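Contents: one structure, followed by commentary.
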Amino acid sequence: MNVLITGVSKGLGLTIALTFLKDGHFVFGLSRSRTKTIDTLLEEYPNKFFWTSYDLQNYKMVKSKIFKEFIGNKPIHSFVNNAAIAYDDLITNLSDEALISMYNVNVFTPMIIVKYVIRNMLLHGTHGSIIHISSISAHTGYKGLAMYASTKGALEAFSKNTAREWGEKGIRSNCIVAGFMETEMSSALSNEQRYRIYQRTSLKKPVDVNSVAETVKFIANENSNSITGQNIFVDNGTI
Amino acid sequence: MDDKILQIINTVLTNRGKKTLEVFNRDLRLRDDIGFDSLDLAELTVRIEAEYGIDIFEDGIVNTVGEILKKIK
């Protein structure tokens, strides 16, 4: 299986990439910068891991840079829309620039990638799987996350409609609704904020990144071929 | 070129379990005569672009086989 994953240099994206690589799949990874981790992956999985630098702020070069230069004529079986910016602030402090920048990365460029992923799947007759990483914040409000949560709500609506529009061609689309994990994205939270967030889950702890990655892998592969248009919660039972 | 386009049209029809074309002329309408729906037209666009590098629907609607041939020539 060839899997296209955004944001592979760290956090959840890196764990997802490793989960696929360890199972022998081919990973086409995107991230802004070439980090040490990327070099290690390229060394450890020379014929399985492919990488190119792409800044998701740029929605203009999706076709030429990602699909023509990087992927070429290879079939994509699964796309994992993982990369995201978490811009948090009170709505009263909302900065238009930060908001637009976050929507470019979290929503607009991923939607354009989906356009070309579906085109790739049509050309190769692939019954592919599109997976968006959503967030529990879109379902349970958190102070300061209104703008970020709204990008995830947009993705969930887009995913549901993708599933409806392309189901007839065997193309599936689902969202994995992740709870709070101990990744760089949540590193700005204070210990007290963290504690309060974890108290709002049934399991009273951070969500295991591996559990999210394994769920992504399940939804990507054929074993989940009857699941589409769903939001799958991997959130420690948030209450 | 006509043969290649006929082949692409028939691939799209086959993929949807529809009857393929035997006769082919430039006046055939994609929806009314060939029986393509919007999903078929999307696949047709993708297959023509892979062959000729041109997105036939990028700047407007294409209704007939002749109009496709005009765009890719």
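The structure presented is a predicted model; accordingly, all values stated were derived computationally and were not measured. A note on names: the letters A, B, ... follow the listed sequences, proteins ahead of strands, and every chain is numbered from 1.
Residues A:L122 and B:R47 come closest through the heavy atom pair O-NH2, 3.2 Å.
Residues that satisfy the ring-ring contact (aromatic ring centres under 6.0 Å, His included) test with B:Y52, not counting sequence neighbours, are absent from this structure.
Here the CG-CD1 distance, from A:L123 to B:I48, works out to 12.0 Å after rounding to the nearest 0.5 Å. Residue B:R16 holds its CZ atom at 5.0 Å from NZ of A:K169, rounded to the nearest 0.5 Å.
More than 12 non-hydrogen atoms from other residues, nucleotides or ligands lie less than 6.0 angstrom from NZ of A:K74. When the shell of 6.0 Å around CG of B:D3 is examined, it contains 12 or fewer heavy atoms from other residues, nucleotides or ligands. The 12-atom threshold is not exceeded at NZ of A:K10, counting heavy atoms of other residues, nucleotides or ligands nearer than 6.0 Å. Other residues, nucleotides and ligands place more than 12 heavy atoms under 6.0 Å from the NZ atom of B:K71.
In this structure, chain B has no heavy atom under 4.5 Å from any part of A:K68. Residue contact with chain A, scored on non-hydrogen atoms closer than 4.5 Å, involves the side chain of B:T45 exclusively.
Using a 4.0 Å cut-off between a side-chain N of Lys or Arg and a carboxylate O of Asp or Glu, B:D55 and A:R119 qualify as a salt bridge.
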